[in-house]
Amino acid sequence: MAKQEERSKYEHQRREKLARIRQLDSVEDPYGGRYDGTEAAEAVKSRFRDGDETQQARCAGRIVLLRDIGKLVFITLRDRSGTIQVGMSRKLMSEQWQLTKLLELGDIIGAAGQLGKTKTGEITIWADSLTLLSKSLLPPPEKFHGLSDIDLRYRQRYVDLWANPEVMERFKKRSAIMSTIRGFLESRGFLEVETPMMQTIAGGAAAKPFITHHNSLNMDLFLRIAPELFLKRLLVGGMERVFEINRNFRNEGLSRQHNPEFTMLELYQAYADYNVMMELTEEIISLLVKKYCQGSRLQFDDKTVDFSQPWRRATYSELLKEYSGCDIEDIEAVRARAKELGLDEDEMDDVVVINTVFEATVEDNLVDPTFVIDYPAALCPLTKPKKDKPEYAERFELFIAAMEIANAYTELNDPAIQEENFRIQLRGQQESMATMDSDFISALKYGMPPAGGLGIGIDRLIMVLTGAANIRDVILFPLLQPVTES
RNA sequence: GGGAGUGUAGCUCAGCACGGUAGAGCAACGGCCUUUUAAGCCGUAGGUCCUGGGUUCGAGUCCCAGCACUCUCACCA
């Protein structure tokens, strides 16, 4: 297409420049090689001592700004840590001056020389050595506005990351947060494990799975929708505290809060219950807020979220009463409310109507962190029912900024009840998906210790902690439609 | 799937209400410049105005259809 031709014209110009560079005696290979002894740009700037003219520095990175003043060229170099200015003068560069004048935005270079300050006070490497490490053949985005076409940003994240520094910052923060979470759990004796992503039975949640095929075994496999049933097998095996930071795959719609593959922290602690999980959840997220955010009141989209502790704990039925006005025991009132809300409730079971009304009326109001506790047992096939009120289950969900962030249970460890719950669940499903995980039931029969289990939606948590309103802004390569050839 | 919005130069955006043959900044190309900070100055080049129809003497602009993207609703443990 025309756009492709236009682009190739710019590429053509750069290729011609590359050809000229190859002819220079001072350039061995315009795609460079190992380049040792570099320092992070920001580290160089912070060790700089004004007035000391014996300081040397050596950095490598991408040219993001270039100011050519004739016999003097100033370059802003971006590396993993930030930026530093490199100054090049014809006098100092001597035989490498020709190469200097051929540098372009986007090229990756290494530069070394004396560290100093310019008239305006900018810390600068006055280069006496220049190495071209990679010639860039495509023009970079606009240097001030960066790349803002949202589709292009996701498609070409490799450009987005260096053209928009705040994007790099957000993903660095995501890495740091993951590291903190791992450290926290390890300090409490949790073991990090890996369980199958390809499963013969897609269990542990109710979602449509992706299906794939193994050729030599000639069998279909599901990409996991949750690791839950495998992690519980590890409890049976004697791993009393386990966690997995895992990718789940769900074949459902996409939205600001849903990507088909998403990251979940799932953990199990033997001899604990959902109250222990609640304390742990509040502790770990509060630690992250303290460590990675400014203050305890965070802006998210058009909302302000107050993380001050303690967080609210309210039962499912209390919240239903508070926001829908309905008593959970009065099913006629709940059905009437559903009609008012325009929900098609005729075909639904009572508990589904209740939950639909709950989602429609309550969830949007849960902006500050709120533990919703004690769900109707019929919604929770993997959860231990409450001793005094078996129609409710020992489950909580944590909502922050009206998003479901965490989900936890006192795990059901009675194999007979578990098997019965599976049977009830299977009745409502299509034949193709309906498979009893009898091996899991066998595991329970050997005896699973009572335990608390917790799942935290990592992507959504990162969204809240970094103020990103779209899940695609916290996933490096979100799923997109392929570009159509035309 | 429904609704709303967007699509113009490599990038970031004007122009469209009221139709008259395409604009700016950055980037590029050619000059000038030894202290710039989104460097500056002079000059040059760059467009299937998403695609296809229609209305019109004439469409980037109005109408219809399609495509892509964004937001939103629905669906979604």
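We name chains A, B, ... by the order of the sequence lines, and we start the count at 1 in each one. All figures in this text were calculated on a predicted structure; none of them were measured in a lab.
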Determine the Euclidean distance between corresponding P atoms of C41(B) and G25(B); express it in Å to zero decimal places.
10 Å

Quick one: does Gln85(A) reach the base of U36(B) with a side-chain donor-acceptor pair under 3.5 Å?
yes

How far does the P atom of U48(B) sit from the matching atom of G10(B), given to the nearest Å?
8 Å

Measure the spacing between CG of Leu265(A) and CG of Leu454(A) and express it to the nearest 0.5 Å.
6.5 Å

Taking atom P of A68(B) as reference, at what distance in whole Å does atom CG of Asp151(A) sit?
11 Å

Hey, does the Lys NZ or Arg CZ of Arg157(A) hover above the aromatic six-ring of Phe477(A), less than 6.0 Å from the centre and inside 45° of the axis?
no

Take Thr356(A) and Leu480(A), find for each the nucleotide of RNA chain B with the closest heavy atom, and name the residue whose nucleotide sits nearer the 5' end.
Leu480(A)

Where the side chain of Asp52(A) meets the backbone of Arg49(A), is there a donor-acceptor pair that is under 3.5 Å apart?
no

Just wondering, are more than 12 heavy atoms of other shown residues or ligands nearer than 6.0 Å to CZ in Arg90(A)?
no

If only atom types and distance count, is the side chain of Lys232(A) paired as donor or acceptor with the main-chain N or O of Phe440(A) below 3.5 Å?
no

State the pairing partner of A17(B); accept Watson-Crick or G-U wobble contacts with both distances under 3.5 Å, and report none otherwise.
none

Counting only Watson-Crick or G-U wobble pairs whose two distances fall under 3.5 Å, which nucleotide matches A65(B)?
U51(B)

For A38(B), does either OP1 or OP2 sit under 4.0 Å from a side-chain N or O belonging to Lys143(A)?
no

To the nearest angstrom, the CZ-C1' distance between Arg90(A) and C33(B) comes to 12 Å

Does NZ or CZ of Lys303(A) fall inside the cone over Phe300(A)'s six-membered ring, less than 6.0 Å from its centre and within 45° of the axis?
no

Atom pair distance, as rounded to whole Å: NZ in Lys101(A) and P in A28(B)
13 Å

Does G1(B) pair with anything, Watson-Crick or G-U wobble, both distances under 3.5 Å, and if so, with which nucleotide?
C73(B)

Taking only N and O in the side chain of Lys119(A), is any of them less than 4.0 Å away from OP1 or OP2 of U34(B)?
no

P gap between C26(B) and G43(B), integer Å
13 Å

Are OP1 or OP2 of U36(B) and a side-chain N or O of Arg67(A) less than 4.0 angstrom apart?
no

Using the P atom as the reference point in each nucleotide, state the distance between G47(B) and A4(B) in Å, no decimals.
36 Å

Do we get Arg313(A) above Phe371(A)'s six-membered ring, with its NZ or CZ under 6.0 Å from the centre and within 45° of the axis?
yes

Quick one: label Gly87(A) by what it contacts on the DNA or RNA (base, sugar-phosphate, nothing), any heavy atom closer than 4.0 Å.
nothing

Answer for the Watson-Crick or wobble partner of U12(B), both distances under 3.5 Å, is A24(B)

Whole-Å gap separating P (A38(B)) and CD (Glu122(A)):
9 Å

When rounded to whole Å, the CG to C1' distance for the pair Asn407(A) and A77(B) reads 7 Å

Atom CG of Leu72(A) to atom P of G40(B): distance rounded to whole Å?
16 Å

A24(B) glycosidic torsion: syn (within 90° of 0) vs anti
anti

Is there a Watson-Crick or G-U wobble partner for U34(B) with both distances under 3.5 Å, and which nucleotide is it?
none

Pairwise P distance, C16(B) and C57(B) [rounded to whole Å]:
24 Å

Sub-3.5 Å donor-acceptor pair from the side chain of Asp374(A) to the main-chain atoms of Tyr316(A), do we have one?
no

Gap in Å between the two C1' atoms, one belonging to C13(B) and one to C49(B), rounded
14 Å

With heavy atoms under 4.0 Å as the rule, sort Asp68(A) into base, sugar-phosphate or nothing.
base

Between NZ of Lys9(A) and C1' of U44(B) the distance, given in whole Å, is 12 Å

Under 4.0 Å, counting only non-hydrogen atoms across every strand here, what does Pro381(A) touch: a base, just sugar-phosphate, or nothing?
base

Does the structure show Phe144(A) stacking with A38(B), if we require the centres to be closer than 5.5 Å and the planes to be within less than 30 degrees of parallel?
yes

With hydrogens left out and only the distance checked, is there a donor-acceptor pair under 3.5 Å joining Thr118(A)'s side chain and the base of U36(B)?
yes

Watson-Crick or G-U counterpart of G43(B), or none if no pair lies under 3.5 Å
C29(B)

So what does Asn470(A) touch, heavy atoms closer than 4.0 Å: a base, only the sugar-phosphate, or nothing?
sugar-phosphate

For nucleotides G58(B) and U70(B), find the distance between their P atoms and express it as a whole number of Å.
38 Å

Among G10(B), C29(B), U36(B), find the nucleotide with the atom closest to the side chain of Tyr10(A).
G10(B)

Quick check on RNA chain B: between Lys117(A) and Glu142(A), whose nearest nucleotide comes earlier from the 5' end?
Glu142(A)

Taking OP1 and OP2 of U34(B), is either one under 4.0 Å from a side-chain nitrogen or oxygen of Ser89(A)?
no

Confirm from the modelled atom types if His145(A) and C11(B) form a donor-acceptor pair under 3.5 Å, side chain to base only.
no

Give Arg256(A) one of three labels, base, sugar-phosphate or nothing, depending on what nucleic acid heavy atoms sit under 4.0 Å from its own.
sugar-phosphate

Of all the nucleotides listed (C11(B), C29(B), C69(B)), which has the minimum atom distance to the side chain of Leu152(A)?
C11(B)

Sugar-phosphate only, base, or nothing, as touched by Ile69(A) at under 4.0 Å among non-hydrogen atoms
base

Distance, C1' atom - from A9(B) to G46(B), rounded to whole angstrom
6 Å

Starting from P on A38(B), measure out to CD1 on Ile63(A) and report it in whole angstrom.
17 Å

